[in-house]
**Q** 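One structure is given below, represented as structure tokens, and several questions about it will come after.
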Amino acid sequence: MPGIVGIISYRPSAECQDLVKSMVASMKHEPIYASGTYAAPEMGVYGGWVAHESSFAARQVFFNERKDIALLFSGECFVDPGTGAELKGKGHELGEAAGSWLVHFYEEQGDRFFEKLNGLFSGLLIDKRRNRAFLFNDRYGVERIYFCETKDTTYFASEAKALLRILPELRAFDGEGVAQFFTYGCTLEWRTLFRGVQLLPGGSAWSFKGGDCHKRKYFSPKTWEAQPALSVESFESEFQEIFKRILPRYFESGSKIGISLTGGLDTRMIMACRRKAAEQPICYTFSGENGQTLDDRLAARVAKVCGLDYRLLRLGNDFFTDFTSHVDRTVYATDGCFGVLGAHEIYLNRQARQLAPVRLTGNYGSEVLRGVSTFKPLGLSPDLFNPEFGPSLPFSTRSVASDNEHPVTSAAFREVPWNLFGSLAAGRSQVTFRTPYLDNKIVALAYQLPGTLDASPLPAVKLVKDNAPFLYTIPTDMGEMGKTHGIACPLRRFYSKVTFKLDCLNNEGFSQWLSPFDPLFQGLASSLNIVGLHKYLHYRSWFRRELAGYVEDVLTDTRTQQSPFWNPDFLEKMAKEHIRGRKNYVREINAVLTVEAIDRLLLSEMPREVSADRQEPIEVVA
């Protein structure tokens, strides 16, 4: 996955530069990546970067004219027109000029530079004039920075594997991090899966000078929480004005843009407010090996009425025949944040990159604007765990968010950077990822949603109807909008919601005590044509058929059986009962297979070989 690495230390320069090269090499796990290094030995600062070869970040290192300020950057950044005269008309250009513009923006803003940035990003800024370096990230912490501190050195990287590569003592599981992973499917706060490795909190701007580190946060969500709620009319008016104003920046690119189109409201809003440009984007939808979901059908209709080219990107037979390598690639690229149940993500995004290297999505719109959440305890069977390890697990049924936490804070600052990071990291390894729903302006406004509109689709529906009536006539996958009127509207919405829940139930299966009824329910769902209506990923069924051999091999392997986490007697029983359809252990199987891959790829087998066909990094020494 593209990102930055670095060491801040007054240890011997040659040693630090060699370590940075090794860190960069660990992150060059795709041939489509460019990379480079930069060193300011007199300041004890050593950095490196990896980027998609056609992206904005591939043109770094960025300097000012005197080259006494340097910037290593990952992700993308936007600043609103009107922020100041310093924009000089270059706020949304991509390329080396935009990178240099960011450096000039820092010169004019000083330490306020960080709070002015907007986007998903991380960076290392070296200011030789002030003999100071800054390590910073976006306010949500979505562009991750892993770090490890010793008494005389700070190591950091966008991927944990870069730290594991050069520091063997870190190659062990963190007990609390693993317990959180088994309970919630991710680690919480700024903890990781690895001993001694932490995450830089979102909205951080750490400064380093003369061996000292000053840690500060330039942003807190409490700033937005303090805003007053708007009236319904004011909110809807503000929402439309801001959305239409910020959206064009997400379409500006020196590379082809692809719109990851679904049948939902969030991509529909993007299509409704999209301005026509000289080069039209291409639309596509991810889908299964056969059949068509509602997303497939509705997205094709939307693209057609908008006059845009549309493709359906499917899982092929090779996804199943080469499943082991897809799992390993996913676990390695995401540092274990996405596992077996996410093995499709890189596979499909690789197809998307062939169409367009930039992927514009409606991701996180439902979380930020309508409070939709999937962040809850997994409920893994206690029988899965070794009796000596099991008691350390917080088998909690509570929500992750506290009762008094603002729902937008929970979504933007908890769910997205923690629970949903794995999918983002996997996709971002292949494409430049963009979504307007984490734009600072949109998230800030979401805090002002009036209580009467909580969880309501009405602002989104009104935006589509007001700006693209021809798209309003096409219903969403949840039955919103459409040509029908009167009683047909609520009936359509009811049907959509019921079939969605039934398809999810068919896909994920019943709880253990109801699992004997699975075959009966599957037959009913199939006869009603519900199977695959909303969902195209069927891992529960795949683990019983196409992937049964893989599941059984890993769960009965000696290495897996000897893990300190598992109850070995239960592993073999679990494999047999799931494959035969007696019980539903899809989440337990995912946990075991994912942890096995993390242990094998990131702890026991480090360092991994880097392909010889990858280009050597560019070196810049100040």
**Q** Parallel, tilted or perpendicular, judged at 30° and 60°: which one describes the rings of F73 and F56?
**A**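 Correct class here is perpendicular.
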**Q** Show, in sequence, the C-alpha distance, side-chain angles and deciding distance for E225 and T409, and conclude whether the side chain to side chain donor-acceptor pair (under 3.5 Å) test is met.
**A** CA-CA 8 Å; E225 291 175 359; T409 296; 2.6 Å; yes
**Q** Parallel, tilted or perpendicular: which describes the rings of F413 and F219, with under 30° parallel and over 60° perpendicular?
**A**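 Taking F219 first and then F413, their aromatic rings lie parallel (interplane angle under 30°).
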**Q** Side chains of I270 and F243: does their closest heavy-atom pair fall under 4.5 Å?
**A**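 I270 reaches F243 side chain to side chain.
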**Q** Determine whether the side chains of R144 and Y146 contain a donor N or O and an acceptor N or O closer than 3.5 Å.
**A**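 Yes, because at least one side-chain N or O of R144 sits under 3.5 Å from a partner of the opposite role on Y146.
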**Q** Does the D477 side chain pair with the main chain of D295, one donor and one acceptor, at a distance under 3.5 Å?
**A**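 A pair under 3.5 Å: no.
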**Q** Is the ring pair F286/Y284 parallel, tilted or perpendicular, if the boundaries are 30 and 60 degrees?
**A**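 The arrangement is parallel - the two ring planes meet at less than 30°.
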**Q** Given side chains that start at C-beta, do those of W190 and Q198 come closer than 4.5 Å, heavy atoms only?
**A**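 Of all side-chain heavy-atom pairs linking Q198 with W190, none is under 4.5 Å.
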**Q** Hey, what's the ring geometry for F319 with Y347, parallel, tilted or perpendicular (30° and 60° as the breaks)?
**A**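 Perpendicular: the ring planes of F319 and Y347 meet at over 60°.
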**Q** Do the ring centers of Y364 and Y437 come within less than 6.0 Å of each other?
**A**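 No.
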**Q** Just checking, is any N or O donor in the side chain of T435 or N363 under 3.5 Å from an acceptor N or O on the other one?
**A**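 Their side chains do not contain a donor-acceptor pair, so the 3.5 Å distance test is not met.
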**Q** Is the shortest heavy-atom distance from the side chain of L378 to the side chain of T183 under 4.5 Å?
**A**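 Counting from C-beta outward, L378 and T183 never come under 4.5 Å.
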**Q** Using the ring pair (Phe, Tyr, Trp, His ring centres under 6.0 Å) criterion, which residues pair with F421? Sequence neighbours excluded.
**A**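 Once residues adjacent in sequence are excluded, F421 has no partner under the ring pair (Phe, Tyr, Trp, His ring centres under 6.0 Å) criterion.
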**Q** Ring-plane angle category for F113 and F105, please: parallel below 30°, perpendicular beyond 60°, tilted otherwise.
**A**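 It falls in the perpendicular class, over 60°.
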**Q** Between S429 and T334, is any pair of side-chain heavy atoms under 4.5 Å apart?
**A**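 When only atoms from C-beta onward are counted, T334 and S429 do not touch, as no gap falls below 4.5 Å.
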**Q** Without hydrogens or angle criteria, can the side chains of S234 and S231 be said to hold a donor-acceptor pair below 3.5 Å?
**A**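 Yes - a donor-acceptor pair under 3.5 Å links their side chains.
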**Q** Counting distance only, does the side-chain N/O of H52 pair as donor-acceptor with the main-chain N or O of R428 below 3.5 Å?
**A**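 Such a contact is found between H52 side chain and R428 backbone.
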**Q** Say you draw a straight line from CD of E236 to CG of L449; how long is it, rounded to the nearest 0.5 Å?
**A**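 Rounded to the nearest 0.5 Å, the CD-CG separation comes to 9.5 Å.
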**Q** Could you check E345 against T330 for side chain to side chain donor-acceptor pair (under 3.5 Å), going step by step and ending with a plain yes or no?
**A** CA-CA 8 Å; E345 197 73 31; T330 301; over 6 Å; no
**Q** Of the non-hydrogen atoms in F338 and S423, which two are nearest, and what is the gap between them?
**A**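 That closest heavy-atom pairing would be CE2-CA, 3.6 Å.
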**Q** Counting neighbours of NZ on K465 that are heavy atoms of other residues, nucleotides or ligands and sit closer than 6.0 Å, is the number greater than 12?
**A**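 Counting other residues, nucleotides and ligands, NZ of K465 stays at 12 neighbours or fewer.
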**Q** Distance check, rounded to the nearest 0.5 Å: Q292 atom CD versus R314 atom CZ?
**A**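 Taking CD in Q292 and CZ in R314, the distance rounds to 6.5 Å.
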**Q** Run the numbers on S381 and E588 for side chain to side chain donor-acceptor pair (under 3.5 Å), then give the verdict.
**A** CA-CA 7 Å; S381 171; E588 288 81 359; 5.1 Å; no
**Q** Can you tell me how the ring of F235 sits relative to the ring of F239, calling it parallel under 30°, perpendicular over 60° and tilted otherwise?
**A**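 Parallel.
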**Q** Ignoring hydrogens and angles, state whether a donor on the side chain of R540 or N584 is under 3.5 Å from an acceptor on the partner side chain.
**A**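 No donor-acceptor contact under 3.5 Å links the two side chains.
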**Q** Take T262 and T267 through the side chain to side chain donor-acceptor pair (under 3.5 Å) test and state the conclusion after the steps.
**A** CA-CA 6 Å; T262 69; T267 56; 3.2 Å; yes
**Q** Any non-hydrogen side-chain atom of D439 less than 4.5 Å from a side-chain atom of R249?
**A**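 Sidechains of R249 and D439: in contact.
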**Q** List the atom of E480, the atom of P457, and the distance in Å for their closest heavy-atom pair.
**A**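 That would be OE2-CG, 3.6 Å.
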**Q** Ignoring hydrogens and angles, state whether a donor on the side chain of H344 or Y539 is under 3.5 Å from an acceptor on the partner side chain.
**A**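 Yes - a donor-acceptor pair under 3.5 Å links their side chains.
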**Q** With a 4.5 Å heavy-atom cut-off, do V327 and L593 have their side chains touching?
**A**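 The answer is no, as the side chains (C-beta and beyond) never meet within the 4.5 Å cut-off.
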**Q** Do E367 and S373 pair up side chain to side chain, a donor and an acceptor below 3.5 Å, judged on atom types alone?
**A**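 Judged by distance alone, the side chains do not pair up.
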**Q** Side-chain donor-acceptor pair under 3.5 Å between Q280 and D309, yes or no?
**A**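 The criterion, which ignores hydrogens and geometry beyond distance, is not satisfied for D309 and Q280.
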**Q** Is the ring pair W224/Y447 parallel, tilted or perpendicular, if the boundaries are 30 and 60 degrees?
**A**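 Rings of W224 and Y447: tilted, as their planes differ by 30° to 60°.
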**Q** Kindly give the heavy-atom pair with the smallest separation between G339 and T594, and that separation in Å.
**A**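 Of all heavy-atom pairs spanning G339 and T594, the closest is CA-OG1, 3.4 Å.
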**Q** Do we see a donor-acceptor contact under 3.5 Å between the side chains of T432 and S55?
**A**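 No, because no side-chain N or O of T432 sits under 3.5 Å from a partner of the opposite role on S55.
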**Q** Heavy atoms, side chains only, cut-off 4.5 Å: are S366 and D266 in contact?
**A**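 When only atoms from C-beta onward are counted, D266 and S366 do touch, with a gap below 4.5 Å.
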**Q** Which pair of non-hydrogen atoms, one from L261 and one from A299, has the smallest distance, and what is that distance?
**A**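 The pair with the smallest heavy-atom distance is CD2-O, 3.3 Å.
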**Q** Taking side chain as C-beta onward, heavy atoms only, is V416 less than 4.5 Å from W418?
**A**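 No, too far: nothing below the 4.5 Å cut-off.
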